[in-house]
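So you know, we letter chains A, B, ... as the sequences are listed, proteins then strands, and number each from 1.
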2 protein chains.
Amino acid sequence: MSPVIAEVQWLSDEEQATWRAFNLASRIVDGALDRQLMRDADMGHAHYAVLVALSEASDYQARMGDLADLLEYSPSRLSHAVRKMEANGWIERRQCPTDGRGQIAILTDLGRQTIEQAAPGHVNEVRRVVLGPLSASQQEQLRDICETLILRVQNQTT
Amino acid sequence: MSPVIAEVQWLSDEEQATWRAFNLASRIVDGALDRQLMRDADMGHAHYAVLVALSEASDYQARMGDLADLLEYSPSRLSHAVRKMEANGWIERRQCPTDGRGQIAILTDLGRQTIEQAAPGHVNEVRRVVLGPLSASQQEQLRDICETLILRVQNQTT
DNA sequence: GGTAAATATTTGAACGTTCAACATAATACC
DNA sequence: GGTATTATGTTGAACGTTCAAATATTTACC
């Protein structure tokens, strides 16, 4: 089942600490944001991201596939999310006129109101939990580091 | 429902980029680790962490509460996870002798074998996805940053 | 133009996590 | 010592995500 294990370079204490800190920080931050949004706006922050993306799109609409690429969501994740948000009245779906397979997600007025109300609390929480504790240079470092990670993973054969 | 919104200091472009990069990197890394473990060892990395914690504990055992604190898991998350892993034969549960409420989770031989087989692949993936792309000083920065975030959130009223 | 391959999206089942409710045992208090 | 309170852990329901399968439409190819 598992290949004969070849070379493994075990993690040093520092490496392990780095990895665990990153892992824990991710989890804590994600949880905090989710709880804040759930408490104040009745949605998780995965749904919030969809609303933001649509509110930034021209005419408040986008094709499912483009939206999924933009957010780096799996098609099915987005589909489920949009179905839920459609039920909430935040989004509508229409057939794409130029491609019969395509579906277009459109932010409704209610959706726009919803995100406008949710945004301030969310931004405050991002500040409280992520940006606030970090110095300007740490923010720069973090951005650099994370962009490095993102590029590396995306340009590799997973 | 929502409080009258007070001051919001919207995110600058740099802040937004930092936050989005962190968020995406977290998601990508987490996903990569999960998929690798699922593929090679039939468990998510939340379960992996439980096995690691137990394998590092004296006598390969720990009380549920201590384990949950150590991993920063909610009691119920741990309970569900352990139930699943008990079904796999990786963990056993016993009553705590000194406290009738307590339960002790014990790593079985099979559990030990399982993690020994899973560890190399996991470590390689951590290297590939997180540590590898970063320079030594970036690793130091990342650790610093994440530890800052962790401390800050934990010492605040959530 | 018709068949095969590729693309876009949805669906349902399985799984993990959260939250609230519950059971049980230990501690505090009088 | 008996009752209220607090601590430990588990349970079940709800929800979001993943994966594999299905459907429908478009593109490529001959």
Discussion item. If the condition is salt bridge (charged side-chain N to carboxylate O under 4.0 Å, His left out), which residues does Arg27(B) pass it with, not counting sequence neighbours?
Written reply: none
Worksheet entry | Nearest-neighbour nucleotide for the Arg83(B) side chain, dT10(D), dA20(D), dT11(D) considered | dT11(D)
Worksheet item: What pairs meet the salt bridge (charged side-chain N to carboxylate O under 4.0 Å, His left out) rule with one or both residues in residues 46-57 of chain A, with sequence neighbours excluded?
Response: Glu56(A)-Arg20(B)
Worksheet item: Hey, are the side chains of Leu134(B) and Leu149(A) touching, using non-hydrogen atoms and a 4.5 Å cut-off?
Response: yes
Worksheet item: In whole angstrom, what separates Met43(B)'s CE from dT18(D)'s C1'?
Response: 18 Å
Worksheet item: Tell me: CZ of Arg39(A) to P of dC19(C), nearest whole Å?
Response: 11 Å
Worksheet item: Which residues within residues 85-103 of chain A lie with some heavy atom under 4.0 Å of an atom in DNA chain D?
Response: Asp99(A), Gly100(A), Arg101(A)
Check nucleotides 14-17 of chain D against the protein and report each pair of N or O atoms closer than 3.5 Å, with its distance, or say if there are none.
residue: dT17(D); atom: OP1; partner: Arg77(A); partner atom: NE; Å: 3.2
residue: dT17(D); atom: OP1; partner: Arg77(A); partner atom: NH2; Å: 2.6

Worksheet item: Would you say the side-chain atoms of His45(A) and Asn23(B) include a donor-acceptor pair closer than 3.5 Å?
Response: yes
Response to the item:
By salt bridge (charged side-chain N to carboxylate O under 4.0 Å, His left out), Asp66(A) pairs with (sequence neighbours left out) none
Practice prompt. List for me each residue that meets ring-ring contact (aromatic ring centres under 6.0 Å, His included) alongside Tyr48(A), sequence neighbours excluded, and say none if there are none.
Written response: His122(A)
Discussion item. Without decimals, in angstroms, what is the distance between Asp66(A) CG and dT9(C) C1'?
Written reply: 13 Å
Discussion item. Tell me which pairs pass side-chain hydrogen bond (donor to acceptor under 3.5 Å, both in side chains) where either residue lies in residues 98-111 of chain A, with sequence neighbours left out.
Written reply: Asp99(A)-Arg101(A), Asp109(A)-Arg112(A)
Discussion item. Without decimals, in angstroms, what is the distance between Arg35(A) CZ and dC19(C) P?
Written reply: 6 Å
Discussion item. For DNA chain D, which residues of residues 48-65 of chain B approach it to below 4.0 angstrom with any heavy atom?
Written reply: Arg63(B), Met64(B), Gly65(B)
Worksheet item: So which pairs with a foot in residues 133-144 of chain A pass salt bridge (charged side-chain N to carboxylate O under 4.0 Å, His left out), sequence neighbours left out?
Response: Arg143(A)-Glu147(A)
Fill in: Pairs involving residues 8-18 of chain A, ordered by first then second residue, that meet salt bridge (charged side-chain N to carboxylate O under 4.0 Å, His left out) (sequence neighbours left out)
Glu15(A)-Arg127(B)
Fill in: Pairs satisfying salt bridge (charged side-chain N to carboxylate O under 4.0 Å, His left out), at least one member in residues 72-89 of chain A, at least two apart
Glu86(A)-Arg93(A)
Discussion item. Test question: given the 4.5 Å side-chain rule for I, L, V, M, F, W and Y, name all other residues clustered with Leu70(A), or answer none.
Written reply: none
